[in-house]
Protein chains: 2
Amino acid sequence: MLIRTPAELGAVLRDRRKKLKLDQSTFAKRIGVSRQWVIEVEHGHARAELGLILRALDALDIRLDASTEQAPARGATRQAIDINAIVAKARKKKA
Amino acid sequence: MLIRTPAELGAVLRDRRKKLKLDQSTFAKRIGVSRQWVIEVEHGHARAELGLILRALDALDIRLDASTEQAPARGATRQAIDINAIVAKARKKKA
DNA sequence: TTGATATGTCAGCGATCGATGACATTTCTC
DNA sequence: GAGAAATGTCATCGATCGCTGACATATCAA
């Protein structure tokens with residue numbers, strides 16, 4: 001999941017928390033914050049502390065990856081990397 | 001790059017900023033924060049605001065991905081995907 | 001060195017964080 | 001529906017945010 005905004009991050013946290021069958025209280029205790037904090041972050045609170053956010057992600061076994069994005073061609077539909085296409089191309093070259 | 005802590009995030013931001021030949025002042029202006037903020041975040045400030053962090057990443061064309069992590073086999077060295085190795089293997093197969 | 005540029009440090013300030021605790025509302029199981 | 005559980009809302013409070021502006025160190029070129 002690509003994270004662009006605090007709201008998207010909040011949605012990811014909520015979805016994952018529910019998938020793990022945790023309620024806000026036990027989740028909050030697990031990461032050492034108040035339930036109030038969980039509520040606000042799940043709702044997309046933009047000014048939440050970075051450190052607490054990272055702890056929350058860790059508590060839910062969510063990994064965060066930072067990578068420099070290739071600029072998509074203008075007007076182009078964003079496309080996923082197609083590993084098979086790359087491999088096929090490589091084979092063709094050889095032949 | 002896997003992000004676990006504010007310090008790691010700060011390092012990523014700094015490296016990318018330098019790669020783009022930006023100084024702290026112009027970078028700060030670009031994302032709408034003070035130079036002071038840039039300094040602190042690059043040094044791993046844990047209480048930085050999530051929203052500003054996301055804007056900084058966007059300004060540097062860094063994408064953030066959240067994914068549920070597969071537990072690595074015990075004792076296993078974490079290995080990055082090596083696209084070149086995959087392509088090379090495909091070529092070999094063909095030949 | 002001198003000068004220019006980049007980065008780091010400090011103090012003061014208004015704004016807002018996150019914690020707490022109580023209460024309200026929604027969402028479930030019976 | 002009744003009751004319980006989960007979630008959302010509100011006010012208060014100390015602590016700390018990020019901003020400003022000035023000054024202090026690097027860092028590097030001429």
Side-chain angles (χ1 to χ4, degrees), chain A residues 1-69 71, chain B residues 1-69 71:
Chain A
M1 176 69 185
L2 185 62
I3 303 296
R4 297 175 183 283
T5 67
E8 287 178 359
L9 195 280
V12 166
L13 287 173
R14 162 157 294 196
D15 288 353
R16 181 71 175 152
R17 173 177 65 78
K18 293 204 164 179
K19 216 160 250 169
L20 297 182
K21 306 289 185 191
L22 296 174
D23 62 40
Q24 294 175 342
S25 288
T26 60
F27 178 41
K29 276 174 198 159
R30 185 170 299 193
I31 61 184
V33 297
S34 66
R35 188 171 67 87
Q36 180 71 10
W37 184 88
V38 172
I39 291 170
E40 291 180 358
V41 167
E42 287 188 349
H43 286 187
H45 183 44
R47 305 197 53 184
E49 292 183 10
L50 173 61
L52 299 181
I53 292 292
L54 293 178
R55 264 158 58 189
L57 290 168
D58 184 62
L60 295 178
D61 284 326
I62 297 172
R63 45 176 288 168
L64 256 198
D65 259 286
S67 58
T68 71
E69 63 184 318
Chain B
M1 177 65 183
L2 184 62
I3 303 296
R4 297 176 184 283
T5 67
E8 287 177 0
L9 195 279
V12 166
L13 287 174
R14 161 157 293 194
D15 288 353
R16 180 71 175 151
R17 173 177 65 78
K18 293 205 164 177
K19 216 160 250 168
L20 296 182
K21 306 289 187 191
L22 296 174
D23 62 39
Q24 294 175 340
S25 289
T26 60
F27 177 40
K29 276 174 197 157
R30 186 170 298 193
I31 60 183
V33 298
S34 66
R35 189 171 66 88
Q36 180 72 10
W37 185 87
V38 172
I39 292 170
E40 292 181 358
V41 167
E42 287 189 350
H43 286 189
H45 183 44
R47 306 196 53 185
E49 292 183 12
L50 173 62
L52 299 181
I53 293 292
L54 293 179
R55 265 158 57 189
L57 290 167
D58 184 62
L60 295 178
D61 285 326
I62 297 172
R63 46 177 286 165
L64 255 199
D65 260 287
S67 59
T68 70
E69 63 185 321

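As the structure is a computational prediction, the values presented were derived from the model and not from experiment. So you know, we letter chains A, B, ... as the sequences are listed, proteins then strands, and number each from 1.
Arg14(A) has a side-chain polar atom (N or O) that falls below the 4.0 Å cut-off from OP1 or OP2 of dG8(D). Contact between the side-chain N/O atoms of His43(A) and the OP1/OP2 oxygens of dT7(D) is not found at any separation under 4.0 Å. The side chain of Arg35(B) places no N or O atom within less than 4.0 Å of a non-bridging phosphate oxygen (OP1 or OP2) of dT5(C). Between Gln24(A) and the phosphate of dG8(D), there is a side-chain N or O to OP1/OP2 separation shorter than 4.0 Å.
In this structure the side chain of Leu60(B) reaches within 4.5 angstrom of the side chain of Phe27(B), judged on heavy atoms. Residues Thr26(B) and Asp23(B) are in side-chain contact: their nearest non-hydrogen atoms beyond the backbone lie under 4.5 Å apart.
When the P atom of dC17(C) is taken as reference, atom CD1 of Ile53(A) falls 12 Å away, rounded to whole Å. Rounded to whole Å, atom P of dT9(D) lies 10 Å from atom CD of Glu40(A). The interatomic distance linking Ile39(B) (CD1) with dC17(D) (P) rounds to 15 Å, in whole Å. Whole-Å rounding puts the Asp23(A) CG to dG8(D) P distance at 12 Å. Rounded to whole angstrom, the span from the CZ atom of Phe27(B) across to the P atom of dG8(C) amounts to 13 Å. Distance CG (Leu50(A)) to P (dC17(C)): 15 Å, rounded to an integer number of Å. The CG-C1' distance, from Leu22(A) to dA6(D), rounds to 13 Å in whole Å. Following rounding to the nearest Å, Glu42(A) (CD) and dT7(D) (P) show an atom-to-atom distance of 8 Å.
The listed nucleotides are dC19(D), dT7(D), dG18(C); the one nearest the side chain of Trp37(B) is dC19(D).
Considering Asp58(A), Ile53(A), Leu52(A), Leu57(A) in turn, Leu52(A) is the only one that fulfils the side chain to side chain contact (heavy atoms under 4.5 Å, CB included) rule with Arg55(A).
Residue Val41(A) comes nearest to Ala48(A) through the heavy atom pair CG2-CB, 3.8 Å, listed as atom of the first residue, atom of the second, then distance.
Put simply, the side chain of Arg35(B) never gets that close to the backbone of Ser25(B): no donor and acceptor are under 3.5 Å apart.
Side-chain atoms of Gln36(B) and base atoms of dC17(D) include no donor and acceptor less than 3.5 Å apart.
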